[in-house]
Amino acid sequence: MAPTTPIKNALQASAPSDAIQVQGWVRTRRDSKDFSFIELNDGSSLKNLQVIARNSLPNYSDIQKLTTGASLRVNGALVASQGKGQKWELVADKIDIVGPAGDSYPLQKKGHTPEFLREIAHLRPRSNLFGSVFRVRSRLAFAIHQFFQERGFIYVHTPIITGSDCEGAGELFRVSTIDLKNPPRKGDDIDYAKDFFARQTYLTVSGQLEAEAFACALSKVYTFGPTFRAENSNTSRHASEFWMIEPEMAFCDLNGDMDLAEEIVKYLVRDIRENCPDEMDLFSKFVDKELLARLDFVLERPFQRTTYTEAIDLLKNSGEKFEFPVEYGLNLQSEHERWLTEKHFKCPVTVFNFPKEIKPFYMRLNDDGKTVTAMDLLVPGIGEIVGGSQREERLDVLQENMRRHKMDPADYKWYLDLRRYGTVPHAGFGLGFERMLMFVTGVSNIRDVIPFARTPGSAEF
RNA sequence: UCCAGAGUAGCUCAGUGGUAGAGCGGUCGGCUGUUAACCGAUUGGUCGUAGGUUCGAAUCCUACCUCUGGAGCCA
């Protein structure tokens with residue numbers, strides 16, 4: 001079989017070519033007097049290749065019946081286009097109709113709403129918008145690995161099935177092979193000692209604890225994989241299955257942690273700006289007209305930093321009327337975060353040193369005894385994109401934190417061992433992959449940056 | 001889970017108590033190196049579901065389902 005030229009390469013050709021082969025799907029077809037124009041797309045780029053099908057082709061009557069969505073293999077000559085709008089076009093010597101699409105094919109050449117395309121998630125990557133989103137998703141994943149690998153971080157595959165529910169109950173998916181109709185029992189309770197893993201197990205909500213173990217051996221590590229939350233969250237920013245990037249650094253404090261978070265956000269924005277120009281152009285035209293200006297702004301301006309206490313003061317003195325109260329000891333609400341990043345600082349802002357009462361047990365207690373070394377990186381349009389902290393490395397303080405959070409230290413023996421043997425200051429954060437993708441593409445619903453989204457009540461496909 | 005809004009043709013929508021509509025798509029024909037081509041014709045409906053009010057309901061009422069926006073939780 002002759003080698004196939006990706007349409008992306010054909011469009012970037014520097015010289016005509018007598019004989020190439022392309023394969024792809026029909027986007028549109030227009031008849032002319034003695035021939036037909038076919039716009040062919042193979043997903044290698046946003047742009048289509050214009051194919052000229054002359055009426056001298058033996059199967060021209062079949063070609064005239066082609067509709068959007070049909071798949072073709074075309075052999076012909078790549079020549080300079082006579083028309084405007086494209087540099088090259090392919091004059092076909094032979095067109096094989098690999099698979100016709102029929103008149104029930106749901107995608108038109110006209111634009112569709114993202115909501116409709118979501119209902120046909122198996123076909124939506126054939127649209128300009130979703131093809132672009134998923135090409136950028138691929139590039140973003142690559143850039144993440146590149147960022148960490150360039151800096152000497154070691155990629156750790158933390159487990160997806162886990163026995164620890166460190167973030168608290170009620171938000172995990174149970175993993176079990178127990179027969180739901182006839183479960184083994186111990187008294188009135190289900191006997192999980194008879195389950196597959198001889199204990200209760202769940203889908204992971206975070207690889208952090210395991211990443212800490214590896215950071216305390218390999219110094220700088222990162223995880224990048226799927227995580228799961230059984231929260232009944234119905235918003236455009238939450239999914240039940242999503243990907244998270246979690247670096248963890250030994251011999252690192254909160255400042256180093258904040259530095260890394262700001263550095264990676266800038267790095268990823270710059271990488272996508274440079275490597276996905278066609279896609280970014282599409283997003284800025286059809287998704288969010290302010291996108292490029294906002295991203296360039298993020299690249300140019302230094303990120304701001306403010307303590308939680310200062311942020312509360314700023315909010316209190318802002319003169320702004322907020323729906324929710326601003327009070328020391330309360331969580332910052334979405335409207336507060338938006339005001340800080342969009343109205344006050346007008347750039348990404350990192351808030352740090354939060355009251356210990358509103359943060360998890362593993363965050364390091366500051367010397368004031370009131371705050372912990374937590375940090376949230378807020379970006380305009382999305383809100384919180386990174387959450388991280390310096391971890392509590394002192395065994396006695398960590399055990400006290402656990403008791404304060406009504407946790408049994410005995411359940412976390414292996415985690416406490418990290419503090420018993422060669423403990424070190426260490427820090428890390430979680431960066432939501434989809435939220436980052438939303439930020440760089442301008443796409444406003446998380447369901448539209450995941451190939452097949454899982455959300456409460458919805459796991460079709 | 002809470003608050004608000006919306007479900008009418010394959011898609012986007014109009015129709016607000018009295019015969020179910022348009023544009024796009026599809027189909028047929030015409031024209032044409034076209035660019036979301038153009039021109040003409042045509043096709044296409046259990047008005048989200050189930051009850052109720054009424055002589056009569058897409059339209060008013062109730063419940064439920066789904067989607068969207070916002071909120072909580074967070075990444």
Side-chain angles (χ1 to χ4, degrees), chain A residues 27-39 47-54 64-65 67-69 79-86 89 91 101-120 123 127-128 167-168 170-171 205-208 224 226-246 261 286 322-324 330-338 358-360 376-379 382-388 429-439 444-450 455-458 460:
Chain A
R27 280 299 177 78
T28 81
R29 190 181 56 77
R30 296 178 288 274
D31 279 333
S32 189
K33 192 174 182 184
D34 299 320
F35 49 89
S36 191
F37 295 104
I38 301 169
E39 296 278 339
K47 296 197 173 82
N48 306 319
L49 178 63
Q50 176 163 284
V51 174
I52 311 295
R54 296 190 196 282
Q64 281 194 301
K65 293 198 184 80
T67 53
T68 306
V79 302
S81 177
Q82 297 172 34
K84 290 173 187 164
Q86 60 280 318
E89 63 188 18
V91 178
D103 56 14
S104 60
Y105 184 69
L107 289 172
Q108 304 177 14
K109 37 193 145 180
K110 286 214 170 194
H112 287 293
T113 61
E115 290 79 19
F116 169 67
L117 292 169
R118 211 176 285 154
E119 293 169 17
I120 47 169
L123 297 173
S127 68
N128 285 339
E167 308 273 336
E171 60 180 10
V205 295
S206 164
Q208 180 197 314
F224 179 26
T227 46
F228 307 86
R229 303 278 165 91
E231 290 282 350
N232 190 12
S233 299
N234 292 289
T235 84
S236 54
R237 286 177 223 85
H238 292 83
S240 311
E241 175 182 320
F242 64 100
W243 282 53
M244 193 152 58
I245 300 119
E246 294 178 290
F286 298 111
F322 293 111
E323 190 188 341
F324 290 91
L330 298 181
N331 265 312
L332 294 180
Q333 305 290 317
S334 290
E335 57 174 347
H336 306 146
E337 296 181 345
R338 272 205 311 275
I358 57 175
K359 289 292 177 183
D376 286 348
L377 173 53
L378 314 175
V379 294
I382 305 282
E384 184 182 338
I385 196 167
V386 169
F429 60 79
L431 167 63
F433 181 56
E434 282 78 13
R435 290 203 181 160
M436 189 67 210
L437 193 51
M438 291 165 75
F439 184 59
S444 59
N445 196 310
I446 197 167
R447 294 168 183 83
D448 296 333
V449 297
I450 302 179
T455 51
S458 177
E460 218 186 328

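Proteins come first, then strands; the chains are lettered A, B, ... in the order of their sequence lines, and each starts at number 1.
Here the closest heavy-atom approach between residue Ile385(A) and residue Phe439(A) is recorded as CD1-CB, 4.2 Å. In this structure, Gln64(A) and Arg29(A) approach most closely via the heavy-atom pair O-NH2, 2.5 Å. Closest approach of Thr455(A) to Ser240(A), counting heavy atoms only: CA-OG, 3.5 Å.
Contact annotation for Phe116(A): backbone-only contact, meaning every heavy-atom pair under 4.0 Å involves sugar-phosphate atoms and none involves a base. Note on Ile385(A): only backbone sugar-phosphate atoms sit closer than 4.0 angstrom, heavy atoms only; bases stay farther off. Backbone-only contact: Asn445(A) has heavy atoms under 4.0 Å from sugar-phosphate atoms and none from a base. If you check every strand for non-hydrogen atoms under 4.0 Å, Thr227(A) touches nothing. Within the nucleic acid shown, Arg29(A) has no heavy atom closer than 4.0 Å to any nucleic acid atom. Within 4.0 Å of Glu115(A), counting heavy atoms only, lie sugar-phosphate atoms of the nucleic acid but no base atom. Using a 4.0 Å heavy-atom criterion, one finds that Gly457(A) contacts no nucleic acid atom at all.
Contact annotation: Arg237(A) side-chain N/O to A71(B) OP1/OP2 distance is under 4.0 Å. At U12(B), one or more side-chain N or O atoms of Thr113(A) fall inside 4.0 Å of OP1 or OP2 (strictly under the cut-off). Checking the phosphate oxygens (OP1, OP2) of G72(B), a side-chain nitrogen or oxygen of Gln333(A) falls inside 4.0 Å. The shortest distance between the side-chain N/O atoms of Ser81(A) and the OP1/OP2 oxygens of G33(B) is not below 4.0 Å. Contact check, Thr28(A) against A37(B): a side-chain N or O comes under 4.0 Å of OP1 or OP2. One finds a side-chain N or O of Lys109(A) lying less than 4.0 angstrom from the OP1 or OP2 phosphate oxygen of A37(B). Between G70(B) and Ser334(A), no contact under 4.0 Å exists linking OP1 or OP2 to a side-chain N or O.
Under the 4.0 Å criterion applied to side-chain N and carboxylate O atoms, Asp376(A) and Lys359(A) are assigned as salt-bridge partners. Contact check on Glu434(A) versus Arg237(A) returns no salt bridge, with no Lys/Arg side-chain nitrogen under 4.0 Å from an Asp/Glu carboxylate oxygen.
Position along RNA chain B of the nearest nucleotide to Gly432(A) versus Ser444(A) favours Ser444(A) as the more 5'-ward residue. Where Phe242(A) and Gln86(A) each meet RNA chain B at their nearest nucleotide, the meeting point lying more 5' is that of Gln86(A).
Under the 6.0 Å cut-off for aromatic ring centres, His336(A) and Phe322(A) qualify, their centroids lying closer than that.
Distance noted for atom P between A14(B) and C28(B): 32 Å (whole Å). When the P atom is compared between A58(B) and A20(B), the two are found 8 Å apart, to the nearest whole Å. For the C1' atoms, the distance from A9(B) to G23(B) is 12 Å, rounded to whole Å. Rounded to a whole angstrom, the distance from the P atom of U34(B) to that of C39(B) is 15 Å. Spacing of P atoms, A63(B) relative to A6(B), comes out at 16 Å, to the nearest Å. The gap from the P atom of U35(B) to that of C24(B) amounts to 16 Å, rounded to the nearest Å. The gap from the C1' atom of G52(B) to that of A57(B) amounts to 11 Å, rounded to the nearest Å. A22(B) and G17(B) are spaced 23 Å apart, taking the C1' atom of each and rounding to whole Å.
Side-chain atoms of Asn234(A) and base atoms of U1(B) include a donor and an acceptor less than 3.5 Å apart. Evaluation of atom-type donor-acceptor distances gives no pair under 3.5 Å for the side chain of His112(A) against the base of C11(B). Judged by distance alone with a 3.5 Å cut-off, no donor-acceptor contact links the side chain of Arg447(A) to the base of C67(B). With hydrogens and angles ignored, a donor-acceptor pair under 3.5 angstrom links the side chain of Ser233(A) to the base of C73(B). The base of G33(B) lies close enough to the side chain of Glu89(A) for a donor and an acceptor atom to sit less than 3.5 Å apart.
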Phe433(A) and Phe224(A): CA distance, side-chain angles, deciding distance, ring pair (Phe, Tyr, Trp, His ring centres under 6.0 Å) verdict: CA-CA 9 Å; Phe433(A) 181 56; Phe224(A) 179 26; 5.0 Å; yes

Test side-chain hydrogen bond (donor to acceptor under 3.5 Å, both in side chains) applied to Gln108(A) and Thr68(A), step by step: CA-CA 7 Å; Gln108(A) 304 177 14; Thr68(A) 306; over 6 Å; no

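Of the listed nucleotides (U35(B), U1(B), C24(B)), U1(B) has the atom at the smallest distance from the side chain of Asn232(A). The side chain of Asp31(A) approaches U32(B) more closely than any other nucleotide in the set A75(B), U32(B), A71(B). Among G33(B), A75(B), C73(B), the nucleotide with an atom closest to any side-chain atom of Glu384(A) is A75(B). Side-chain atoms of Arg338(A) lie closest to A71(B) of the nucleotides C24(B), A71(B), U1(B). Considering only the side chain of Arg229(A), C74(B) comes nearest among G26(B), G33(B), C74(B).
Counting non-hydrogen atoms of other residues, nucleotides and ligands closer than 6.0 Å to CZ of Phe286(A) gives a total of 12 or fewer. With a 6.0 Å radius and a threshold of 12 heavy atoms from other residues, nucleotides or ligands, Arg27(A) has its CZ atom above the threshold.
Atom-to-atom, OH of Tyr105(A) to C1' of C24(B) comes out at 17 Å; the value is rounded to the nearest Å. We find that CZ of Arg30(A) is positioned 13 Å from P of G33(B), with the value rounded to whole Å. In this entry the distance linking CG of Asp103(A) with P of G10(B) reads 12 Å, nearest Å. Spacing between atom NZ of Lys33(A) and atom C1' of C38(B) amounts to 16 Å, rounded to whole angstrom units. Straight-line distance from the NZ atom of Lys47(A) to the P atom of U35(B): 19 Å, rounded to whole Å. Counting to the nearest Å, the P atom of A36(B) and the CG atom of Asn48(A) are 10 Å from each other. The nearest whole Å value for the distance from the CD atom in Gln64(A) to the C1' atom in G29(B) is 12 Å. Rounded to an integer number of Å, the gap from CZ of Phe35(A) to C1' of C31(B) is 13 Å.
Using the Watson-Crick or G-U wobble rule with both distances under 3.5 Å, C67(B) pairs with G5(B). C31(B) makes up no base pair with any nucleotide shown, lacking Watson-Crick or G-U wobble contacts both under 3.5 Å. When both distances must be under 3.5 Å, the Watson-Crick or G-U wobble mate of C74(B) does not exist. Across all strands shown, nothing is found opposite G56(B) as a Watson-Crick or G-U wobble partner with both distances under 3.5 Å. If you check U62(B) for Watson-Crick or wobble pairing at under 3.5 angstrom, you find it paired to A50(B).
Stacking of the aromatic ring of Phe433(A) onto the base of A75(B) is not found under the criterion of centres within 5.5 Å and planes under 30°.
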